[in-house]
Number of protein chains: 2
Amino acid sequence: MATAHAIQQQSALSRARPPVGLRRPAAPQFENDAGLVPILPGITTELHRIGCPVAAERGQEICIAGAPADHVYKVVDGTLRISRLLPDGRRHIANFLTQGDFFGFSDIGDYTYSLEALTDCALIRYPRRRFDAILEHDPQAGRQMFRLLCRQFNAANELLMTLSRKTAAERIATFLLTMIHRQGSQDGRQLMLAMPRVDIADHLGLTIETVSRVVTQLRQRRLIDLRGSNDVAILNRDALEELAGD
Amino acid sequence: MATAHAIQQQSALSRARPPVGLRRPAAPQFENDAGLVPILPGITTELHRIGCPVAAERGQEICIAGAPADHVYKVVDGTLRISRLLPDGRRHIANFLTQGDFFGFSDIGDYTYSLEALTDCALIRYPRRRFDAILEHDPQAGRQMFRLLCRQFNAANELLMTLSRKTAAERIATFLLTMIHRQGSQDGRQLMLAMPRVDIADHLGLTIETVSRVVTQLRQRRLIDLRGSNDVAILNRDALEELAGD
DNA sequence: CGAGCTCTTGATGTGGCTCAAGAATCGTGG
DNA sequence: CCACGATTCTTGAGCCACATCAAGAGCTCG
């Protein structure tokens, strides 16, 4: 069945950006160790000391599914995707990460998902052992991480409902509303999608063509408008929510 | 599209078993407060004091999606399902719970899923406030719950991969292997499914008819055998794993 | 033994996939 | 600043996996 767009995408990316190791930014474009803005108040104190700021370029593969999960990452800036491949190349994107999201604390042994930068990114990298040790001792940090994991768990369940029972149009509507919601944008009407259609398709269990067609329909029905394929304006949010269902 | 089997199922159950409040078992069929076997060593000590053993009958709705999440539950015995409905009645079953699984600690306000007993069940019910308080103070308990939540999160992600990119046959194969795995059965060849076809369908994003047809195919291909529609024998596990993919 | 389920099987329909070809957009170098 | 190659996006035609609709066959339990 799925002649994998995933593979094309995959190789396209690595052709464009040969995988290089993570580098500490020479001149960090974001707040560094000393002046790091605590994104999650209360946890930075303990974890701050073991966190190492790193930069990743657009297209870079930061973690590979199957590799030992030696680090936990926090997103400071940029957008990333968490993805996984079936042996034959079919791909699923579990989620997109933005500021404040964590990656990697859900595995004991190896990463089950790959982490790839959709845009240039700023991250904090924590050594896994020390990270765990802090969670062990510091109830505050532990509690914070627990809440974060709960949020991720809820998000995963939302997506499950979407993938198991919603139509293509409903999935796209749900996706757009989620994106609007989490970027907490200005008036909630303007949305810049950091990901291409392939990624949206692989996130929602659709094909790139279906995503494209549905977006066109939504535009024709005046629920949204596009100026540039990634620049979405929400014209009729109520109708979009109606369409998205629950 | 989906003329909801969900609704039929729903009303069938409540017709059979009118929703009654949870009762403490008159004569508990399972180890009670005093002699409760710690399912998860290390956490029972603290949480034990606030846990109240309750029994639920087959078909009983224990928590309703949308209601205030006042309690956390631990499964001692039996099988339950976690489900949610779209406004038009399409249903998704996020997971099935068995011994040692928890429900309800992922929500701040209301339950987002309903909890229903597939068989007669024994549960421990924890008041949410006190449960949270213990997690706050006791790093041991917190850490244990964190790990459990991680497992649930990983399970959810597995299902996401399944729902987004696998075919009907692959989904069923994956499901059977998961069920085999978690029941840790005798020789890993015999499987008693506690749930009817409708529930499997609503878990895997399929219809009851498709589930039935695929099961028939698997039997014809000698991957499994049935004696009774819920009594599954795994004849060729390798082929089943091959089929399930990753 | 029979009413009410649940499960199976068949016939037909359709939403979204596949295959194919342009159109827009982006990045790069002249 | 523009040309052009590469990539991404859109659109169309046809097809297929699974849904829907419809019956009948087992179970189960009173």
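The figures that follow rest on heavy atoms only: side chains count, while hydrogens, waters and symmetry mates do not. Here is the naming used below: chain letters follow the sequence lines, and residue numbers restart at 1 for every chain. A quick note: this is a predicted structure, and the numbers were derived from the prediction, not measured.
- Annotation: the span from B:Ile93 atom CD1 to B:Tyr113 atom OH amounts to 11.0 Å, rounded to 0.5 Å.
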Exercise answer: donor-acceptor pairs, residues 216-232 of chain B side-chain atoms, under 3.5 Å, sequence neighbours excluded:
from, atom 1, to, atom 2, distance (Å)
B:Thr216, OG1, B:Ser212, O, 2.9
B:Asp231, OD1, B:Gln190, NE2, 3.1

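- Here CE of B:Met195 is found 6.0 Å from CG of B:Leu118. Values are rounded to the nearest 0.5 Å.
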Taking it one step at a time, do B:Asp202 and A:Arg165 satisfy salt bridge (charged side-chain N to carboxylate O under 4.0 Å, His left out)? CA-CA 8 Å; B:Asp202 284 344; A:Arg165 287 302 179 204; 2.6 Å; yes
Give every pair of a protein N or O atom and an N or O atom of nucleotides 22-25 of chain D that lie under 3.5 Å apart, one pair per line with the distance.
none

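- Atoms CG (B:Leu118) and P (C:dC5) sit 17 Å apart, rounded to a whole Å.
- In the set D:dT10, C:dC7, D:dT8, the nucleotide with an atom closest to the side chain of A:Pro196 is D:dT8.
- The distance from atom CZ of A:Arg197 to atom C1' of C:dT25 is 12 Å, rounded to the nearest whole Å.
- Rounding to the nearest 0.5 angstrom, the gap separating the CD1 atom in A:Ile200 from the CZ atom in A:Arg81 is 12.0 Å.
- Every pair passing salt bridge (charged side-chain N to carboxylate O under 4.0 Å, His left out) that includes a residue from residues 236-246 of chain A is listed here, sequence neighbours excluded: A:Arg237-A:Glu241, A:Asp246-B:Arg84.
- Across the protein-nucleic acid pair, B:Arg90 atom CZ and D:dT20 atom P stand 10 Å apart, rounded to whole Å.
- Summary for the helix from C:dC1-D:dG30 to C:dG30-D:dC1: the axes at its two ends, each from 5 pairs, differ by 50° when rounded to the nearest 10 degrees.
- In summary, the side chains of A:Ser83 and A:Glu116 do present a donor paired with an acceptor at a separation below 3.5 Å, with no hydrogens or angles considered.
- Taken from CD in B:Gln183 to CG in B:Leu193, the straight-line distance is 8.5 Å, to the nearest 0.5 Å.
- Of the side-chain N and O atoms in A:Thr210, none sit less than 4.0 angstrom from OP1 or OP2 of C:dG16.
- The side chain of B:Asn230 contributes an N or O atom lying less than 4.0 Å from OP1 or OP2 of C:dC7.
- Side-chain atoms of A:Thr207 lie closest to C:dC17 of the nucleotides D:dT10, C:dC7, C:dC17.
- Look at CD on A:Glu170: it is 12 Å from C1' on C:dG15, rounded to the nearest Å.
- Once rounded to the nearest 0.5 Å, the distance linking CG of B:Leu240 with CD1 of B:Ile180 reads 8.5 Å.
- Proximity of residues 211-222 of chain A to DNA chain D (heavy atom under 4.0 angstrom from any strand atom) is restricted to A:Ser212, A:Arg213, A:Thr216.
- For the pairing with A:Leu80, the side-chain contact (heavy atoms from CB on, under 4.5 Å) check across A:Thr98, A:Asp101, A:Ile62 returns one residue only, A:Ile62.
- What separates CZ of B:Arg227 from P of C:dC7 is a distance of 18 Å, to the nearest Å.
- Atom CG of A:Leu226 and atom P of C:dT25 are 10 Å apart (whole Å).
- Applying the side chain to side chain donor-acceptor pair (under 3.5 Å) rule to A:Asn95 yields the partners A:Arg182; only residues at least two apart in sequence or on another chain are considered.
- Relative orientation of the A:Phe153 and B:Phe153 rings is perpendicular, given thresholds of 30° and 60° on the angle between their planes.
- Of the two residues contacting DNA chain D, namely B:Gly228 and B:Arg171, the nearest-nucleotide position lying further toward the 5' end is that of B:Arg171.
- Following rounding to the nearest Å, A:Asp202 (CG) and D:dT8 (P) show an atom-to-atom distance of 13 Å.
- Atom CZ in B:Arg58 sits about 10 Å away from atom C1' in C:dC5, given to the nearest Å.
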